[in-house]
Every structure is written in structure tokens, then in C-alpha cells.
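Just below is one structure, and these are the notes that go with it.
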2 protein chains.
Amino acid sequence: MSLPHALLGLLAAAPATGYDLAREFESDLGRYAWQAGHASIYPELARLAARGLVEVVDQGARGSKTYDITEEGREELRSWLLRPPGEGVVRNEGVLRMFLIPALDPDDQRSALTAIAEQAAAGEAELRERLSGAPDPRRGPRRELGLLAARFGLGQYRATNDWARRALDELDARTGGDR
Amino acid sequence: MSLPHALLGLLAAAPATGYDLAREFESDLGRYAWQAGHASIYPELARLAARGLVEVVDQGARGSKTYDITEEGREELRSWLLRPPGEGVVRNEGVLRMFLIPALDPDDQRSALTAIAEQAAAGEAELRERLSGAPDPRRGPRRELGLLAARFGLGQYRATNDWARRALDELDARTGGDR
DNA sequence: TACGACATGTAAGAGGTTACATGATTCG
DNA sequence: CGAATCATGTAACCTCTTACATGTCGTA
């Protein structure tokens with residue numbers, strides 16, 4: 001039940017076509033929060049339109065339809081965002097891998113943890129660069145969302161890197177620290 | 001395709017019944033990494049057994065079956081854990097809410113961000129207490145998994161709290177900081 | 001004029017949740 | 001002996017992914 005709210009949230013920032021929205025899910029949104037492909041987005045937009053939460057405000061070239069959120073849509077979005085966050089859906093393959101690392105033998109643990117730390121460091125560096133550069137002019141009205149998401153990602157990568165390096169330290173301590 | 005590997009990873013630490021595994025998903029594992037209910041676990045164990053990756057090593061009271069991982073299972077798990085982490089599934093309703101907060105008006109943003117910061121602080125405190133106390137004797141062979149997961153959670157809550165408080169500061173700066 | 005990006009849709013199937021269904025054991 | 005917990009399973013349904021299918025527009 002999160003996809004409709006994700007779409008409402010994106011449309012609340014600016015009207016967009018289904019195609020635009022699908023691309024939005026390929027960046028930070030899809031990386032840290034929620035993934036969706038066009039094959040789930042188009043039918044969901046149609047359902048939201050049928051419920052009166054969004055509407056088609058423009059039909060352009062190539063059969064494109066630009067959707068905007070309606071007043072009812074804003075209310076639905078607001079009540080969802082303000083609802084006390086009960087334990088929602090959580091599904092993260094990367095974190096799952098991290099948790100299961102103790103099942104490996106020490107050498108394999110070392111390489112898996114090293115790979116995680118390096119990947120997190122690389123992700124952090126890349127994001128830091130993006131944040132320090134000029135704000136991406138393409139994003140326009142969703143710039144704020146992107147900024148917030150990027151900063152969240154930064155914290156995420158930092159925490160992951162710290163976690164992996166601490167696990168590596170302890171592994172070295174346990175196995176004698178040599179090699 | 002992550003549930004079978006999650007089950008293999010848990011069984012790699014110690015043999016368990018489907019019921020045991022279902023409870024495992026209710027703690028840190030389900031909170032940060034991957035959720036699963038008994039209705040998906042039992043059929044998946046049967047499939048894994050059919051593929052020879054796990055086997056029934058004991059049948060106890062109440063029709064319970066204790067599963068253990070096989071050598072083939074360990075190899076499958078190892079190759080999955082060592083596989084370079086391409087972008088896996090990510091689905092996190094809480095993070096999605098965080099990203100969409102800019103869709104609210106400033107007052108609502110303030111309350112949503114405050115709620116997030118408070119919840120993260122409470123989660124962090126609770127986890128910190130659990131980590132400082134005596135290690136839970138019930139967990140036995142999965143203690144290490146739990147420790148790793150709890151420390152990950154700690155970093156997570158810290159990052160979330162920082163993120164929310166920074167967003168609040170900026171909101172105050174933008175809207176004049178009064179009230 | 002060909003290629004890449006834009007743009008939308010459907011169908012089949014995988015994976016997962018909720019609800020239904022059943023029964024044994026333990027503990028107060 | 002009643003309630004909670006242990007323990008397993010199935011059926012219906014929902015959601016999302018993958019693959020299939022189609023067509024337009026800009027530009028090199």
C-alpha cells in the first residue's frame with residue numbers, strides 16, 4: 001500500500017507523466033526507499049485517477065498524459081504521512097546479506113565485510129560530490145526531495161561503513177589479528 | 001529470491017523448526033532487513049528440502065520438524081553472500097515517508113519530523129539498553145547475528161535522528177524560526 | 001533514415017500476506 | 001480445564017516483476 005502514496009507524494013511536488021515518475025524511482029527514491037517499475041506505475045495511476053486522488057491535466061505528444069494530485073489526493077497523502085508510523089514494510093537485500101555474514105568462515109567474512117565497507121565508502125564519496133556540486137537543474141520542483149534523500153543516503157553509507165569496519169576489527173581480534 | 005537465503009543463513013547458525021525461524025523474523029531481522037511470516041516460511045522450507053539445501057534432522061512433539069542446512073546449502077549460501085552486491089530489492093515504508101515530508105505544509109512537516117526524531121531516539125535508547133545488558137541467553141548460537149543486527153540498528157536510528165533534526169533546523173531557518 | 005529516448009500499456013507468473021483450519025502441549 | 005503457546009499447513013488474494021507489444025518524436 002505504499003506505491004500509491006509514493007506517487008501522490010511525487011505529484012504533490014509537481015505534475016508529471018507516468019514516464020517521469022518511473023525515472024524518479026531510479027534515483028535515490030528507489031535506492032533507499034521504494035522501488036517501482038513502469039509496469040506497476042501506469043496501472044496505479046489509473047486506479048488513483050478512478051478514485052479521484054489524481055487527475056490528467058494535460059495530454060501531450062506521443063500520447064503522454066500529465067497527472068496532477070487533486071485536493072482529495074493531498075488529504076489522503078497528508079493523513080498517511082501524519083499517521084503514527086506503525087512498523088511498515090521493510091525489505092532490504094543488502095542489509096540481509098550483512099546480517100548473515102557470520103555464517104561464513106573467517107576468510108570469507110573478511111572479504112565480504114571489506115567489499116561492503118568499500119562499496120559504502122564509494123557510495124558516500126559519490127553522493128558527497130553530488131551534494132557539493134551545483135544543484136541539478138533538471139530536477140526543478142523535486143530538488144528538495146532529492147536533497148533530503150541524498151543526505152539520508154550519506155548517513156546510511158556512513159553508518160554502513162562504520163558497521164563493517166567495526167565488524168572487521170572484531171573479526172581480527174577474534175582470529176588473532178595476523179595475516 | 002532472498003527468503004530462501006535468509007532461511008539458509010539462519011539454519012547455518014543452528015538447526016531450527018519453521019516456527020523458530022518465523023519468530024526470528026519478528027526481531028531485528030524483520031525490523032531492518034527482511035520480513036517473512038510462517039505462511040511463506042513453511043512452503044519455502046519444503047522447497048529447500050526438495051532441492052537438497054536443507055534436511056529434516058529431527059521430528060519432535062506436536063509434529064514439529066527440525067531443519068538443518070546441508071553441505072550443498074552452505075555452498076549456495078556462501079556463493080550468494082560473496083556475490084558482488086548488485087542493487088538488490090529495497091522497500092522501506094518508513095524511509096519513503098521521510099522522503100515525502102516536503103509535500104506537507106510547514107506545520108505538518110514540523111510534527112512529522114519531530115515524531116520521527118523522537119521515535120528514532122526511543123529506538124536507539126531501547127537498543128542501547130539491550131546491548132549493555134547481559135546477552136540474551138535464549139538466542140544461543142544466533143547471538144552473534146543478533147549482536148551485529150542490533151549494532152546496525154543503533155547506527156540506523158542515530159542516522160535517522162540526525163537527519164530529522166537537521167531537516168527541522170532548516171525548516172525553522174526557512175520559515176523564520178519563530179513560533 | 002536509423003537510432004535512442006519518450007511514452008504507454010497488457011499478460012503471465014513469482015513472491016508474499018491474510019485468513020482459514022487444525023491440533024498438541026504446557027502451565028496456572 | 002481453560003488459555004496461551006507451540007506447531008504446521010492451505011487457499012485466496014494482492015502486489016510487483018519480467019517479458020511482450022506498440023508507437024512517436026527528435027536528432028545525428
Side-chain angles (χ1 to χ4, degrees), chain A residues 1-8 10-11 15-27 29-31 33-51 54-67 80 86-93 96 138, chain B residues 1-8 10-11 15-27 29-31 33-51 54-67 80 86-93 96 138:
Chain A
M1 289 276 69
S2 292
L3 176 60
H5 294 107
L7 297 175
L8 289 175
L10 290 172
L11 291 177
T17 65
Y19 188 85
D20 294 333
L21 294 169
R23 271 188 320 179
E24 208 68 45
F25 280 95
E26 282 165 20
S27 68
L29 191 64
R31 189 142 43 241
W34 205 269
Q35 295 169 344
H38 78 272
S40 55
I41 291 169
Y42 290 124
E44 188 59 52
L45 283 171
R47 275 190 292 272
L48 287 170
R51 290 169 60 199
V54 304
E55 58 186 346
V56 177
V57 292
D58 190 35
Q59 308 218 30
R62 282 169 280 203
S64 82
K65 297 182 218 165
T66 300
Y67 287 89
W80 182 73
E87 334 250 301
V89 175
V90 173
R91 200 143 267 167
N92 191 316
E93 199 178 316
L96 178 62
R138 281 171 317 176
Chain B
M1 289 278 69
S2 292
L3 176 59
H5 294 107
L7 296 175
L8 289 174
L10 291 172
L11 290 177
T17 64
Y19 188 85
D20 294 335
L21 295 169
R23 271 188 319 177
E24 207 69 44
F25 281 94
E26 282 165 20
S27 68
L29 191 65
R31 188 142 43 241
W34 205 267
Q35 294 170 344
H38 79 273
S40 54
I41 291 169
Y42 289 124
E44 188 59 52
L45 283 171
R47 275 190 292 272
L48 287 169
R51 290 169 60 200
V54 304
E55 58 185 346
V56 177
V57 291
D58 190 33
Q59 308 219 28
R62 282 170 278 203
S64 81
K65 297 183 218 165
T66 300
Y67 288 89
W80 182 74
E87 333 250 299
V89 175
V90 173
R91 199 142 269 167
N92 191 316
E93 200 179 316
L96 178 61
R138 280 171 316 175

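Residue numbers begin at 1 in each chain, while the letters A, B, ... track the order of the sequences.
Atoms NE2 (B:H38) and P (C:dA21) sit 14 Å apart, rounded to a whole Å. A:Q35 places its CD atom 7 Å from the P atom of D:dT17, with the value rounded to the nearest Å. A:N92 has its CG atom 17 Å from the C1' atom of C:dG16, to the nearest Å. Atom OH of A:Y19 and atom P of C:dG4 are 13 Å apart (whole Å). Rounded to whole Å, atom P of C:dG9 lies 12 Å from atom CG of A:L21. The distance between atom CZ of A:R47 and atom C1' of D:dC16, rounded to the nearest whole Å, is 10 Å. Separating the CD atom of A:E26 from the P atom of D:dT17 is a distance of 12 Å, rounded to the nearest angstrom. One can place CD1 of A:I41 at 14 Å from C1' of D:dT15, the figure rounded to the nearest angstrom.
Each of D:dA7, C:dA7, C:dG16 was ranked by its minimum atom distance to the side chain of B:S40; first place goes to C:dG16. The side chain of B:S64 approaches D:dT8 more closely than any other nucleotide in the set C:dT10, C:dT17, D:dT8. Residue B:L3 places its side chain closer to C:dG16 than to any other of C:dT8, D:dT10, C:dG16. Nearest to the side-chain atoms of A:A39 among the listed nucleotides C:dA19, D:dA7, C:dT10 stands C:dT10.
Counting only distance, with no hydrogens or angles, the side chain of B:R91 and the backbone of A:V89 share no donor-acceptor pair below 3.5 Å. In this structure, the side chain of A:Q35 engages the main chain of B:G88 through a donor-acceptor pair within 3.5 Å.
Side-chain contact between A:L10 and A:Y67 is absent, with no heavy-atom pair separated by less than 4.5 Å.
B:Y42 has no side-chain polar atom (N or O) that falls below the 4.0 Å cut-off from OP1 or OP2 of D:dG9. Taking 4.0 angstrom as the limit, B:R91 places none of its side-chain polar atoms (N or O) nearer than this to OP1 or OP2 of C:dG16.
Place B:D20 and A:W34 on DNA chain D by their nearest nucleotides, and B:D20 ends up nearer the 5' end. Nearest-nucleotide mapping onto DNA chain D: of A:E44 and A:R62, the residue sitting toward the 5' end is A:E44. When each of A:A61 and A:P43 is assigned the nucleotide of DNA chain C bearing its nearest heavy atom, the one mapping closer to the 5' terminus is A:A61.
Closest non-hydrogen pair, A:A36 versus A:L3, comes out as CB-CD1, 3.8 Å. Between B:P15 and B:T66, the shortest heavy-atom contact is CB-CG2, 3.8 Å.
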